There are 2 protein chains.
Amino acid sequence: MAKQVKIKDIARMAGVSAGTVDRILHNRGNVSRTSREAVERVLSETGYRYNIHTSAVSLRKEYRIVIAIPTAIKGEYWDSIRTGIEHAIDEYSDISIVREYAYYNQFDIYSCRASFKSITESSPNAVIIGPTFASETRELCSELDRMKIPYAFVDSVIDGLNPTLSFSCDQRTCGLTVARLLHLMTPGGQDFAILSSRRTGNERSNNSLARKAGFMEYFGRNCPEKNIREVKFSVLDPQESERDVLKFIEENPDVRGIAVLNSRGFIVADILEKRGIGNVSLVCFDLTDNNRRCISKGTISAVICQRPELQGFYAVSGLIRNLLYNQEDGQKEHLMPIDIIIAENLPYYKEYLP
Amino acid sequence: MAKQVKIKDIARMAGVSAGTVDRILHNRGNVSRTSREAVERVLSETGYRYNIHTSAVSLRKEYRIVIAIPTAIKGEYWDSIRTGIEHAIDEYSDISIVREYAYYNQFDIYSCRASFKSITESSPNAVIIGPTFASETRELCSELDRMKIPYAFVDSVIDGLNPTLSFSCDQRTCGLTVARLLHLMTPGGQDFAILSSRRTGNERSNNSLARKAGFMEYFGRNCPEKNIREVKFSVLDPQESERDVLKFIEENPDVRGIAVLNSRGFIVADILEKRGIGNVSLVCFDLTDNNRRCISKGTISAVICQRPELQGFYAVSGLIRNLLYNQEDGQKEHLMPIDIIIAENLPYYKEYLP
DNA sequence: GTGGGATTTGTGTACGTACACAAAAGTACT
DNA sequence: AGTACTTTTGTGTACGTACACAAATCCCAC
């Protein structure tokens with residue numbers, strides 16, 4: 001590690017003062033073209049990297065980050081994202097960060113609109129969005145673009161927008177992976193099924209569609225003779241879910257593998273268990289408390305996890321980097337790893353450690 | 001985030017000077033019992049956390065970390081650990097960290113002794129150890145203990161020692177996981193085999209034994225009727241390996257699932273591929289370049305990955321925390337997640353992102 | 001060329017901690 | 001009580017950056 005070049009060194013080398021270098025580093029304007037060019041040359045020659053610590057020390061501003069995600073119910077999916085966000089805020093406690101949650105009900109478009117409206121009104125320094133309703137998100141983002149407020153997506157991405165940062169999984173590949181697992185876990189020539197939630201127009205609909213496409217692609221390629229049934233079941237009303245699921249099972253006794261393309265695998269698992277149906281493999285998404293329980297018991301065979309905590313964590317730290325150091329750091333779209341969790345590796349599964 | 005309490009606040013509240021608080025925070029001695037108690041009380045009442053940035057700024061010492069691991073060959077297992085270590089050093093480039101590698105040949109106990117000897121002679125500030133030879137490691141550690149030099153283990157742990165920090169996986173659980181995967185991936189009633197390297201006395205031997213135990217445990221519990229063969233093959237001499245593996249295949253035509261309990265799965269995969277043997281599922285450890293290649297091709301069915309990069313990364317950052325802030329932070333033994341990699345999720349697998 | 005406004009540049013201070021050094025208090029012994 | 005020494009305590013400075021403010025320079029109309 002060569003001795004770090006400091007701002008004063010840059011200034012000396014470029015024949016200007018430290019103040020001017022600072023102005024250039026922070027795009028704060030009021031710099032003559034001559035100075036700018038001289039400094040930029042020295043900057044690139046020396047490969048200057050400012051000291052993150054002294055930089056943070058001198059920063060006295062307070063930053064407000066608003067987080068617009070579906071209500072985080074304890075132990076469910078969005079709560080993991082929240083946990084990651086909180087972890088990051090805690091990690092960066094040496095910088096004044098204020099976070100505000102603007103939760104919305106992911107099944108109620110009006111609550112989403114209201115929540116999003118309040119965001120632009122409060123003009124925060126940065127926003128983290130868990131996008132569910134596409135057109136509402138588009139509207140919010142275009143407003144944020146106009147206000148020059150940076151924003152990050154977590155969980156999924158809405159086409160055509162240009163977030164500062166985004167974190168998601170390639171859902172098609174998730175679908176492929178689920179298909180593969182289910183295929184492995186379902187011996188013999190039986191059929192497979194996809195269960196997805198009935199309110200597909202709302203709940204992370206993009207994700208579900210792409211997952212399904214991947215799933216179908218796998219079987220189309222590897223066993224085109226297989227019959228893939230598709231069922232939608234209610235994720236809101238327990239009685240209705242039970243009816244939907246049981247009806248399906250009765251009508252399709254050959255099905256031995258079920259993919260639930262959202263986090264509600266446990267609902268299906270619990271129904272099957274209650275009815276003593278034990279010979280069906282079940283794969284679903286997201287390591288929620290309920291899904292953990294079912295994996296441990298064996299009523300869910302595998303779960304795909306997209307590291308929601310890390311997504312939240314990186315969204316915060318990325319936005320901070322952007323705010324404080326206007327680091328446009330190269331990669332904007334981050335595709336998370338696709339983790340496979342089964343009963344055996346569940347006990348040690350953690351998204352991050354120390 | 002409540003306004004942070006600062007050292008001066010603590011000093012004022014405890015009726016002493018900032019210098020005294022500092023001495024207590026850093027265990028630098030020369031403090032009267034009265035002052036110590038007063039300060040410690042205020043410290044715990046206020047939940048003081050020093051500012052990591054200003055702390056780093058004021059630190060002007062240079063720290064030297066020596067890394068004693070088997071030679072990191074590009075693209076192989078130990079190289080991943082090295083990558084994580086380098087990543088951490090880079091991340092902490094605002095602190096003066098000097099790292100030195102004391103590589104040793106993991107198949108040559110004399111090189112290990114020589115390497116370890118040089119470490120204590122150079123009296124570094126901290127050491128990262130990838131322990132292979134148990135008794136040599138014991139000797140090194142007792143010397144480090146005497147010199148009060150903190151050290152961290154990566155990859156595995158030697159019993160009875162007391163490292164400042166350790167990172168490894170529960171190898172028994174890894175074995176269970178491999179068994180489960182192989183069981184899933186091997187349809188019908190065929191037999192399974194374990195292949196392990198012949199030089200088991202040396203190479204990460206602890207790991208191999210525990211993996212085997214987990215593997216056997218799984219089959220003992222779930223299908224006690226299965227026949228598990230065990231074979232050792234050379235990992236050093238290609239011709240010898242090939243002979244060993246082919247001989248085994250010929251003598252055991254019923255085997256359809258092979259677990260390689262180290263990172264040399266690709267050797268077996270390549271031999272099988274070369275001979276056109278395509279109906280055997282293969283599961284092994286560690287996401288080396290060669291194993292990646294085989295997963296993509298389909299000649300390896302799955303790989304267990306123990307996040308070696310993260311192990312290296314956390315070893316460095318943990319030791320730095322210990323050195324700079326003598327934070328004994330609670331957990332010392334870190335058991336890493338057990339990742340399952342198959343062809344589908346390989347493309348997006350990364351140990352960490354931004 | 002001079003005045004005055006706009007632009008550009010330089011300087012000084014604050015941030016919170018670590019540590020060296022100086023000062024003060026305590027202790028033991030004559 | 002005074003001396004010599006040890007232990008304890010307090011103070012001042014440096015770290016590298018961000019930013020406010022003062023100073024210098026430039027530009028143009030008269």
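Reminder, nothing fancy here: chain letters follow the sequence lines and each chain counts from 1. None of these values were measured; they are calculated from a predicted model.
Taking 4.0 angstrom as the limit, A/Ser17 places a side-chain polar atom (N or O) nearer than this to OP1 or OP2 of C/dG10. For B/Arg28, a side-chain nitrogen or oxygen approaches OP1 or OP2 of C/dC19 to under 4.0 Å. Within the 4.0 Å cut-off from OP1 or OP2 of C/dT9, at least one side-chain nitrogen or oxygen of A/Ser32 is found. Listed pair A/Ser55 / D/dA18 meets the phosphate criterion, a side-chain N or O lying under 4.0 Å from OP1 or OP2. For B/Ser35 and D/dT8, the shortest distance from a side-chain N or O to OP1 or OP2 is not below 4.0 Å. Here B/Tyr48 does not reach the OP1 or OP2 of C/dG16: none of its side-chain N or O atoms lies under 4.0 Å away. Taking 4.0 angstrom as the limit, A/His26 places a side-chain polar atom (N or O) nearer than this to OP1 or OP2 of D/dA18.
Across the protein-nucleic acid pair, A/Tyr50 atom OH and D/dC19 atom P stand 12 Å apart, rounded to whole Å. The interatomic distance linking B/Ile7 (CD1) with C/dC15 (P) rounds to 15 Å, in whole Å. Separating the NE2 atom of B/His53 from the P atom of D/dA18 is a distance of 12 Å, rounded to the nearest angstrom. Atom P of nucleotide D/dC19 and atom CD1 of A/Ile24 are separated by 15 Å, given to the nearest angstrom. Per the geometry, NZ belonging to A/Lys8 stands 10 Å off P belonging to C/dT11, to the nearest Å. One can place CG of B/Asp9 at 12 Å from P of C/dC15, the figure rounded to the nearest angstrom. Atom C1' of nucleotide D/dC19 and atom CG of A/Leu59 are separated by 10 Å, given to the nearest angstrom. For the pair A/Ile10 CD1 and D/dG16 C1', the computed distance is 13 Å after rounding to whole Å.
Side-chain atoms of A/Thr20 and base atoms of C/dG10 include no donor and acceptor less than 3.5 Å apart.
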List the steps, then state whether salt bridge (Lys or Arg N to Asp or Glu O under 4.0 Å) holds for B/Arg41 with B/Glu37.
CA-CA 6 Å; B/Arg41 193 163 38 73; B/Glu37 280 166 2; over 6 Å; no

Derivation of the salt bridge (Lys or Arg N to Asp or Glu O under 4.0 Å) call for B/Asp90 and A/Arg49:
CA-CA 11 Å; B/Asp90 188 58; A/Arg49 282 169 67 176; 3.3 Å; yes

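Here B/Glu86 contributes atom CD and B/Arg99 contributes atom CZ; the two are 4.0 Å apart, rounded to the nearest 0.5 Å. A distance of 9.0 Å separates CD1 in B/Ile128 from CZ in B/Phe167, rounded to the nearest 0.5 Å.
Of the candidate nucleotides D/dT17, C/dG10, C/dC21, D/dT17 has the atom nearest to the side chain of A/Ser58.
Residue A/Asn51 is in sugar-phosphate contact alone, with no base atom involved, counting any heavy-atom pair closer than 4.0 Å across all strands shown. Backbone-only engagement by B/Val31 is indicated by non-hydrogen atom pairs under 4.0 Å involving sugar-phosphate atoms exclusively.
Comparing B/Val57 and B/Arg36, the nucleotide of DNA chain D nearest to each residue sits closer to the 5' end for B/Arg36. If you find the closest nucleotide of DNA chain C to A/Ala18 and to A/Arg33, the one lying nearer the 5' end belongs to A/Arg33.
Using a 4.0 Å cut-off between a side-chain N of Lys or Arg and a carboxylate O of Asp or Glu, A/Arg138 and A/Asp145 do not qualify as a salt bridge.
Checking side-chain atoms of A/Ser123 against main-chain N and O of A/Thr120 turns up no donor-acceptor pair under 3.5 Å.
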